[in-house]
Protein chains: 2
Amino acid sequence: MIKRAMVNRPVAKSIERRSGVSLWRQIADQILHSIAIGDFVENAALPPEMALADRYGVNRHTVRAAIAALVQEGVLRAEQGRGTFVLSRKRLSYPIGARTRFSAGLQGQASERRSVLLEAIVEPASRRVADALKLARGADVIRLEARGEADGQSVSRATSWFEARRFAGIDAAMAETGSITASLERFGVSDYLRQSTVLSARHADAADLADLDLQPGAIVLVTVAVNVTPDGQPIQFAETRFPAERVELKLSAL
Amino acid sequence: MIKRAMVNRPVAKSIERRSGVSLWRQIADQILHSIAIGDFVENAALPPEMALADRYGVNRHTVRAAIAALVQEGVLRAEQGRGTFVLSRKRLSYPIGARTRFSAGLQGQASERRSVLLEAIVEPASRRVADALKLARGADVIRLEARGEADGQSVSRATSWFEARRFAGIDAAMAETGSITASLERFGVSDYLRQSTVLSARHADAADLADLDLQPGAIVLVTVAVNVTPDGQPIQFAETRFPAERVELKLSAL
DNA sequence: TATAGTTGTCTATATCAATAGACAAATTTT
DNA sequence: AAAATTTGTCTATTGATATAGACAACTATA
């Protein structure tokens, strides 16, 4: 009953027409994927446009549109007469575990890593936030909007909520230290754990595109997490968006 | 420096033009997202087409194209003169942890849950597979292709590899028991741990669309995992694709 | 130097995506 | 019963997407 495969060559993925996603966008996504899994190697030349057109069963101009988009994104470089070359570095691998902070654990992967506070706002808690933080609905919470950068590229976009009464001034601490962990220590929280994390994915919306410097049609990984003190008291509720083309999440300490 | 928000209403997400992703597909995705986060409630009517067109800043016919796609997918039902209604159940929440098997932990969420073996093939190990299983490159491995179903809907699509010599006949065990855990027990593996999991997301390719019964443009969550015996010997390497519109991953025991 | 291979640019045409307006058909409200 | 609301269908027009072919510009190689 079991079969034996004769050869072991890469699967030829095909393309969906009249799908609402243009062919050039689908091909651009597949090229990105091929780079990510090491099918197209860094610094090497892509197959010629005619060969790609043949592989995907489309016109050469359609392939050119895909390549143009990736050149625009800084993933490829095209040189007339020579070929098209892969520039992209590998995706950043974010560790996620009970005690892993987002800004930690990236040693060696990116030389410059920082978190930029975009906005701090006091607002009444929505039902979702109130439930997560175990507050009364409508209680004041502080919402922090922050962007994570590595080597000058945007790699994360986080929205997090804290109880306003307990953590008044956390925005200033964040702006100063650039770290949630360091900021929480000023409020007497020396240790905290990741209670739950829920993971999903969707297309980037307009805000994501602007904040993460993405091209339309990009995909974001979304984590929704609740952090608690060791005795189980919720202190932070956070939704973080990661550009799927630049980041993968490594679940550690499982 | 901190600001105070006056009102607390849902953010109006907007739409990207000339992006390679058609407006109707973007709106369909946003409607799915709104349903997933509980913004549009199950069984309730969607806002009228004109209101949606206004919200997204597009023509009514564009909204109609988005709704038509979701009706086709079975997410919405439109009734002339009455309105358009949400049919979709919530997304399935898959637990992932050190000892969590994919087929376990879904009690109460789906009444009927099963795994279907699609194909079993012996092939030489690629570099990726050989590295993960600590085998010589080109050593024989068994590749199993399986689809997970819940309530008649496809919710996962897994490709997994085992060392052929040690696990010869695992395909028959899988077909019989429908469970990886039960099959491994027959080979003397009574316990195993998830050594590592790497998570990413991408657009569904043609194979995913067919296997998971998705519409073009859909997004899949991808987990790549290595399972090991308690003493650290790798036994299974698996890549699993989940339709992001139907599944979220809940990271537990972190 | 000549040739082959590759990317860049142009024109032309057909199809899909989106806008616009009008009205029909069905349902709910007044 | 009449009016208002909502989905369904039709025509027409514009812009983006995709195909096709030809040739220019540049690079590497025989």
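Computed over heavy atoms, backbone and side chain alike; hydrogens, waters and symmetry mates excluded. The chains referred to below are lettered A, B, ... by the order of the sequence lines, with proteins before strands, and numbering in each begins at 1. Just so you know, these numbers come straight off a predicted model, no measurement behind them.
- R143(A) places no side-chain N or O within 3.5 Å of a backbone atom of V141(A) that could act as its donor or acceptor partner.
- E79(A) places its CD atom 13 Å from the C1' atom of dA28(D), with the value rounded to the nearest Å.
- Place G81(B) and G81(A) on DNA chain C by their nearest nucleotides, and G81(A) ends up nearer the 5' end.
- Atom C1' of nucleotide dT6(D) and atom CG of L76(B) are separated by 15 Å, given to the nearest angstrom.
- Between T159(B) and R241(B) the shortest side-chain heavy-atom distance falls below 4.5 Å.
- Contact check, T62(A) against dT17(D): no side-chain N or O comes under 4.0 Å of OP1 or OP2.
- Between R60(B) and dT19(C) there is no side-chain N or O to OP1 or OP2 distance below 4.0 Å.
- Taking atom CG on L52(B) and atom C1' on dT6(D), their separation rounds to 12 Å, with Å as the unit.
- Remark on DNA chain C: of its neighbouring residues G57(B) and I67(A), the 5'-side contact belongs to I67(A), judged by nearest-heavy-atom nucleotide.
- Here N59(A) does not reach the OP1 or OP2 of dA18(D): none of its side-chain N or O atoms lies under 4.0 Å away.
- Under 4.0 Å is where a charged nitrogen must lie from a carboxylate oxygen, and between D208(B) and R202(B) at least one such pair does.
- One can place CH2 of W24(A) at 14 Å from P of dT19(D), the figure rounded to the nearest angstrom.
- Residues I67(B) and W24(B) form no side-chain contact, since every pair of their non-hydrogen atoms from C-beta on lies 4.5 Å or further apart.
- For Y56(B) and dA18(C), the OH to P distance is 15 Å, given to the nearest whole Å.
- Phosphate proximity of dG8(D) to R64(B): present, with a side-chain N or O under 4.0 Å from OP1 or OP2.
- Whole-Å rounding puts the F85(B) CZ to dT5(D) C1' distance at 12 Å.
- Between the side chain of H61(B) and the base of dG8(D), no donor-acceptor pair of N or O atoms lies under 3.5 Å.
- Put simply, T84(B) has a side-chain N or O that comes within less than 4.0 Å of OP1 or OP2 on dT7(D).
- Residue whose closest nucleotide on DNA chain D sits further toward the 5' end, between V58(A) and P48(B): P48(B).
- The CE atom of M50(A) sits 15 Å away from the C1' atom of dA4(C) (whole-angstrom rounding).
- Side-chain atoms of D54(B) and M50(B), non-hydrogen and from C-beta on, never get closer than 4.5 Å to each other.
- Taking atom CD on Q80(B) and atom P on dC10(D), their separation rounds to 12 Å, with Å as the unit.
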